[in-house]
Asker: 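Supplied in structure tokens, the structure appears directly below.
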2 protein chains.
Amino acid sequence: MNKRATAKDVADAAGVSRTTVSFVLNNIEGMRISEETRQKVLQAAEALNYHPDASARSMVKGKTFILGFVIRQEPDKAYADLLLPEVMRGISEVASEHGYHMIFKPVPPEDEKNSLTTLFLEHQVDGLIVSGPLSKDQEIVDLFNAHAPIILQGRIDYPNIPSVDINNRKAAEKAVNHLISLGHRQIAFISNASLQYSSCKDRLSGYRRALENAGIIYDDALVFYGDRTPDSGYQAMKNILGSSLKPSAIFIASDTVALGSLNTLYQQNIRVPEDIAIMGFDDIPLSKHLAPPLSTIHIPAYKLGWNAANLLINWLEQEETPQHDCILETELIVRESCGSRQK
Amino acid sequence: MNKRATAKDVADAAGVSRTTVSFVLNNIEGMRISEETRQKVLQAAEALNYHPDASARSMVKGKTFILGFVIRQEPDKAYADLLLPEVMRGISEVASEHGYHMIFKPVPPEDEKNSLTTLFLEHQVDGLIVSGPLSKDQEIVDLFNAHAPIILQGRIDYPNIPSVDINNRKAAEKAVNHLISLGHRQIAFISNASLQYSSCKDRLSGYRRALENAGIIYDDALVFYGDRTPDSGYQAMKNILGSSLKPSAIFIASDTVALGSLNTLYQQNIRVPEDIAIMGFDDIPLSKHLAPPLSTIHIPAYKLGWNAANLLINWLEQEETPQHDCILETELIVRESCGSRQK
DNA sequence: TAATGATGCTAACTCGTTTTAGCAAAACGT
DNA sequence: ACGTTTTGCTAAAACGAGTTAGCATCATTA
């Protein structure tokens, strides 16, 4: 690049001032520019292939036009989550529409560099969407209290931070109710991640409530933990099979984790759903293609991202904090892994 | 935020000039600052929670410290590709290490807004990694000729643009050779995407070469097309089964696409590998968890991203164009979907 | 004692925009 | 013919850093 053209170059080429160039190219209302000058400027800009410098514009506007999308997880786990791309797609679509870009970054909770805060304080981004926060996440609370535009994709034990989420507890309850309705009473649980995460805690609590409503005694021994990866599901299922427990059904609070669990079953020649019923959660795009197709809870991931981005951009442009949380509906998707479908 | 603190605020608080603040905080060599002043500045910066403004820094440095990662696909297809997260992980890890951020954006080839060029000319990014370019991609060629730092993740019919890739042809050949070695001679092909993409063309050509080397006549009728999504694999497999062809094996040039194809087979009660052998390509993280675990070609996706990012950052920091392409090795992964493993 | 050198700091310019305030010249009204 | 308004443009001040050149002050040397 033989140096990018600046507004000054355009001004010189068109024989006008930088100010005029700016007025013309930004279509400023109320500034009277003759049609003749306007054309001269437009042509010069075209000829020089002029594009205004983003940093310079940012500085004077006080806005970067960049959104930060942060996952509160270790990078390897963040990228393993198969629901994530859908959320990203929702965000980036809205961002593009409004002329924003998106910086994506996994920032684990124990991050000692405070990358979340830094991202905002260095003004790399205008606002943040934080996915999968911990229940207690002081960094997020501090940022919010410092008036950082921040939208949670998930829930946190602190009021008033605007969020976009599903009702994890209700959804999990729905899932387990389905299993119960099919006659299962010995139902194990594999979590999507550790209980530090609010989504985890809520799903577990939904599982528990469904059991109790059906008069089934909740048993800690039936609860196992995944970490968002298929490998963790593989291992958890091994643990279940290796134990003396003989659940007739398992509710796995993440399809991604369930993938690994299904593999364990496949390896041990245990048939799904004939020998054991498997209920997933998330409805990742490939769940319907698994063998057997996974019954699960559909999360509107794209819409989650879409809503989060819209709330955030609205906040940025209107300068007013969103007043309401946005809770999207989930849906029980019955496929074949629970055996409820007549074949 | 009651307004972010600026360098001037720190200077005032510490009772020194802005220049001194800058010298202290950036640890400029050769500038002699007394330990006393240094501490005063550091304390003031700490107290005010000072973070230098990214835009301002960008402007004066002439660098944004942002890398652009662009996928040459429609957003829905880009986000459906299950290998992508691994590549992203590689890029973002290297980027983080060097103090760069990453803007991710799918930019389809027919994009009428020239988003790729704009991203660079507006100086939103310092350089670009472009994944999955078309064979002919004039916009990329133009950018490169304008000296934009750009690394391809894939190949293009134009010399000298630095790239990180695998040898798609050789890898496909390896895959098909495996099927042939198992005795298959009627082998169908489902592509990963349309032939405009170089990776597609190369995989098809590898398939063809393997057949010809084995004395098997290549037949256009056995070639089907996917579009990177499981759904396309589902449909392509239906087409195959609906035809009069009776291939004993199918090479599917994308595990993501294969997922859908496996579903078709499951639905029609066709057993893999007993009734038909399936060979994948990509080795997406979940391939080993499928039922049956998919035999495939391993692509070092993380390393692909890692190398691309390193090449690019090196280019940016050393100001010299990389001289060599970087071709990474693939590996045949034999699992169960081709029936080669004794159970 | 005066010249020289090192030490410790700062004034002022730069980056490329947007935007405010205002200045000429032309058009208008009385 | 003189004031007023409108039209069309520009000078200059931001924005918040990094950086160059140079100025005092104090210590050292001749």
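Below, chains carry the letters A, B, ... as their sequence lines are ordered, and counting in each starts from 1. If you're wondering where the values come from, they're calculated on a predicted model, not measured in any experiment.
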Asker: Could you check how far CZ of A:Arg57 sits from P of D:dA17, rounded to whole Å?
Answerer: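 Nearest whole value for this atom pair: 21 Å.
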Asker: Roughly how many Å is it from CE in A:Met31 to C1' in D:dT10, rounded to a whole number?
Answerer: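 Taking CE of A:Met31 and C1' of D:dT10, I get 11 Å after rounding.
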Asker: Whole Å only: how far is the CG atom of A:Asp53 from the P atom of D:dG16?
Answerer: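 Answer to the nearest Å: 17 Å.
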Asker: Please pick, from C:dT10, C:dT19, D:dA17, the nucleotide with the shortest atom-to-atom distance to any side-chain atom of B:Val60.
Answerer: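 Nearest listed nucleotide: D:dA17.
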Asker: Side-chain N or O of A:Ser58 versus OP1/OP2 of C:dT17: is the shortest distance under 4.0 Å?
Answerer: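 Looking at the OP1 and OP2 atoms of C:dT17, neither is under 4.0 Å from any side-chain N or O of A:Ser58.
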Asker: Name the closest nucleotide to the B:Phe23 side chain, picking from D:dG16, C:dT19, D:dT19.
Answerer: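 The answer is D:dT19.
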Asker: Between CG of B:Asn145 and CD1 of B:Ile140, what distance do you get to the nearest 0.5 Å?
Answerer: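 Reported value, rounded in 0.5 Å steps: 12.0 Å.
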Asker: Can you measure B:Asn27 atom CG to D:dG18 atom P for me and round it to whole angstrom units?
Answerer: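 From B:Asn27 CG to D:dG18 P: 12 Å.
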Asker: With each end axis built from five pairs of C1' atoms, what bend angle do you get for the helix from C:dT1-D:dA30 to C:dT30-D:dA1? Round to 10°.
Answerer: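 Overall, the helix from C:dT1-D:dA30 to C:dT30-D:dA1 bends by 60° from one end axis to the other.
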Asker: Take the protein atom CG of A:Leu25 and the nucleotide atom P of C:dG16, then report the distance between them rounded to whole Å.
Answerer: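 Atom-to-atom, A:Leu25 to C:dG16, this comes out as 16 Å.
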Asker: Of all the choices, C:dT19, C:dT7, C:dA12, which nucleotide is nearest to the side chain of B:Arg32 once you look at every atom?
Answerer: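 The answer is C:dT7, which lies nearest to the side chain.
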Asker: Would you call A:Lys77 and A:Asp81 a salt bridge, using N to O less than 4.0 angstrom?
Answerer: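 No, this pair does not count.
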Asker: Starting at CD1 of A:Ile28 and ending at P of C:dT17, how long is that distance when rounded to a whole Å?
Answerer: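 One finds 14 Å between P of C:dT17 and CD1 of A:Ile28, rounded.
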Asker: Using 4.0 Å as the upper bound for N to carboxylate O, is an ion pair formed by A:Arg89 and B:Glu74?
Answerer: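 A salt bridge is absent here (no side-chain N lies under 4.0 Å from a carboxylate O).
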Asker: Dump the intermediate steps for side chain to side chain contact (heavy atoms under 4.5 Å, CB included) on A:Leu119 and B:His101, then the final yes or no.
Answerer: CA-CA 10 Å; A:Leu119 211 51; B:His101 290 284; 3.1 Å; yes
Asker: Looking at B:Tyr50, I'd like to know whether one of its side-chain N or O atoms comes within less than 4.0 Å of OP1 or OP2 on D:dG16.
Answerer: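 No.
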Asker: Rounded to whole Å, please give me the gap between NZ in B:Lys40 and C1' in C:dG8.
Answerer: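 Taking NZ of B:Lys40 and C1' of C:dG8, I get 11 Å after rounding.
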Asker: Provide, to the nearest angstrom, the distance between the CE atom belonging to A:Met59 and the C1' atom belonging to D:dA13.
Answerer: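 Computing the A:Met59:CE to D:dA13:C1' distance gives 13 Å.
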Asker: Just verifying a value: how many Å separate B:Thr6 OG1 and B:Leu48 CG, rounded to the nearest 0.5 Å?
Answerer: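 Going from the OG1 atom of B:Thr6 to the CG atom of B:Leu48 covers 9.0 Å.
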Asker: Looking at B:Glu317 and B:Lys63, is there a salt bridge between them, counting it only when a charged N and a carboxylate O are closer than 4.0 Å?
Answerer: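 B:Glu317 and B:Lys63: salt-bridged.
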Asker: D:dG18, C:dA12, C:dT17: which one has an atom nearest the side-chain heavy atoms of B:Lys61?
Answerer: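 Closest nucleotide among those given: D:dG18.
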Asker: For A:Thr6 and for B:Ser17, locate the closest nucleotide of DNA chain C by heavy-atom distance; then report the residue assigned to the nucleotide nearer the 5' terminus.
Answerer: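 Its nucleotide being nearer the 5' end, the pick is B:Ser17.
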Asker: Report the C-alpha distance between A:Asn27 and A:Arg38 in whole Å, list the side-chain angles of each, state the deciding distance to 0.1 Å, and finish with yes or no for side chain to side chain contact (heavy atoms under 4.5 Å, CB included).
Answerer: CA-CA 10 Å; A:Asn27 264 312; A:Arg38 157 181 240 85; 2.8 Å; yes
Asker: Quick one: which of B:Ile103, B:Leu316, B:Val125, B:Leu128 gives a side-chain contact (heavy atoms from CB on, under 4.5 Å) with B:Leu67?
Answerer: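 When B:Ile103, B:Leu316, B:Val125, B:Leu128 are each tested with B:Leu67, the side-chain contact (heavy atoms from CB on, under 4.5 Å) holds only for B:Leu316.
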Asker: Mark yes or no for a side-chain to base donor-acceptor pair under 3.5 Å between A:Arg18 and C:dT17, with no hydrogen or angle criteria applied.
Answerer: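 Under the 3.5 Å cut-off, the side chain and the base do form a donor-acceptor pair.
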Asker: Assuming nearest nucleotide by heavy-atom distance, tell me which of B:Thr20 and A:Lys8 is located more 5' along DNA chain C.
Answerer: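 Result of the comparison: B:Thr20.
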Asker: Could you check whether B:Ser34 gets within reach of a base, just the sugar-phosphate, or nothing at all, counting any heavy atom under 4.0 Å?
Answerer: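 Sugar-phosphate, no base atom in range.
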Asker: I want to verify a distance call: between D:dC9, C:dT18, D:dA17, whose nearest atom is closest to the A:Ser22 side chain?
Answerer: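 Side chain of A:Ser22 sits closest to C:dT18.
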Asker: Closest approach to the side chain of B:Thr37, judged atom by atom: which nucleotide of C:dC9, C:dT10, D:dG18 is it?
Answerer: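 Nucleotide nearest to B:Thr37's side chain: C:dC9.
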